[in-house]
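Quick one: structure below, then a few questions.
Whatever order the structure lists them in is the order used to number ligands and atoms, beginning at 1. When a residue number appears, it is its place in the shown sequence, counting from 1. Heavy atoms only: backbone and side chains are in, while hydrogens, waters and symmetry mates are out.
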Amino acid sequence: MDVSTAILNRYSVRGFKPDRVDQTIINKIFETARWAPSNCNIQSWHVNVVSGEAKDKLAEALIADVMSGKKEYPDFVPGNSLLTGAHKERQYECAARYYATMGIERSDKRARMELSLKNWAFFDAPHVAFISVPKYMRDGHFMDVGIYLQTLMLLMVEHGLGSVAQGALSLFPDPAKMHLDIPEDHGIIVGLSFGYPEEGAQINKARMDRDPMESHVFFSE
Ligand SMILES: Cc1cc2nc3c(=O)[nH]c(=O)nc-3n(C[C@H](O)[C@H](O)[C@H](O)COP(=O)(O)O)c2cc1C
C-alpha cells in the first residue's frame, strides 16, 4: 500500500472486532513507527500498549473515575474550550455528524454522555496504546507526538487495522498511571485504541469532511 492510499483510507474507527492482533504485527508497527521524526531527534514518546485482562481492568477503573463526578484533571491543557470562529464551527460540525450517525439528538444529554463514555472503554477495541511524555515538554514538542501518532495510524491501515486517537484518554490520567508502568514525571498526552475494524458497525459510518486545499494552502514565487 502506498502512503497516499493509506492516508485516504484512514478514518477514525470506533467499532472493532473482538479479535486480538497478532503480537508480531503489533511489534512490526511499533518497530517501524520509531523512525518518525522529532525535533532534534528527542523521541520524547513513551508508549504503553495494553490488551486482554489488563485493558479490561483499566477500562473499569477509568469509567469509575470518570463517573465519580470529579472534573477532568489532564496533565496538559487540552485547549478545546479555547476554540473560536471556523475552528469552533468545525468542532460543532464534527460532533453533529457523529451524533447524527448514531441517531442521537443534540439535546439528548444522557445519550451523548453514554456515547462519550465509550472512550474510556476504548470503544471495545482489543488494544489501546497510551502515549505519555515528560511533563516539562512544551507546545513545540507536542508536534513530535502528533507525527508519531499519525505514523502509527497509517501503519495500522497498511496492516488492515483501524484506530482512533483519543484526547479523552488524557483527561483522567490517574487510573492509567496506577495500572501501567508510566514514568512518574510523565503526563499522558493521548491514547490510541486499535484493532480490526467492524466494517458494518454504525459507529464506523461517521465520516468527516475536509476543507479544500485552496482554503489553507497559498503559493508564492
Ligand atoms: C489528537 C486527537 C485527539 C482525538 N481525540 C478523540 C477522542 O477523544 N475521542 C474520539 O472519539 N475521537 C477523537 N479524535 C478523532 C477525531 O475526532 C477525528 O480524527 C476527526 O473528527 C477527523 O475524522 P477522521 O479521523 O475520521 O478523519 C481525535 C483525533 C486526534 C488527532
Closest approach of any protein heavy atom to atom 18 (C) of ligand 1, naming residue and atom: Ser12 OG, 3.5 Å
Plane angle bin for Trp45 and Tyr148 - parallel if under 30°, tilted between 30 and 60°, otherwise perpendicular: parallel
Considering all heavy atoms, the nearest Lys88-Leu83 contact: CD-O, 3.3 Å
Test of proximity, Met208 against ligand 1: N or O pairs below 3.5 Å: no
Proximity flag Arg207 to ligand 1, non-hydrogen atoms under 4.0 Å: no
Ligand 1 N/O within reach of Gly167 N/O, cut-off under 3.5 Å: yes
Taking atom 2 (C) of ligand 1 as the reference point, the nearest protein heavy atom with its distance: Ala165 CB, 3.9 Å
Contact check: Ala206 vs ligand 1, nitrogen or oxygen atoms, below 3.5 angstrom: no
Shared-cluster residues of Val13, by chain and number - hydrophobic side chains joined below 4.5 Å: Tyr11, Phe16, Tyr98, Tyr99, Met102, Ile104, Leu115, Phe123, Val164, Ile203, Met208
Any N or O of Arg210 closer than 3.5 Å to N or O of ligand 1: yes
Any Arg10 heavy atom less than 4.0 Å to ligand 1: yes
Pairing residues for His127 by the ring pair (Phe, Tyr, Trp, His ring centres under 6.0 Å) criterion, not counting sequence neighbours: Phe194
Any Gln150 heavy atom less than 4.0 Å to ligand 1: no
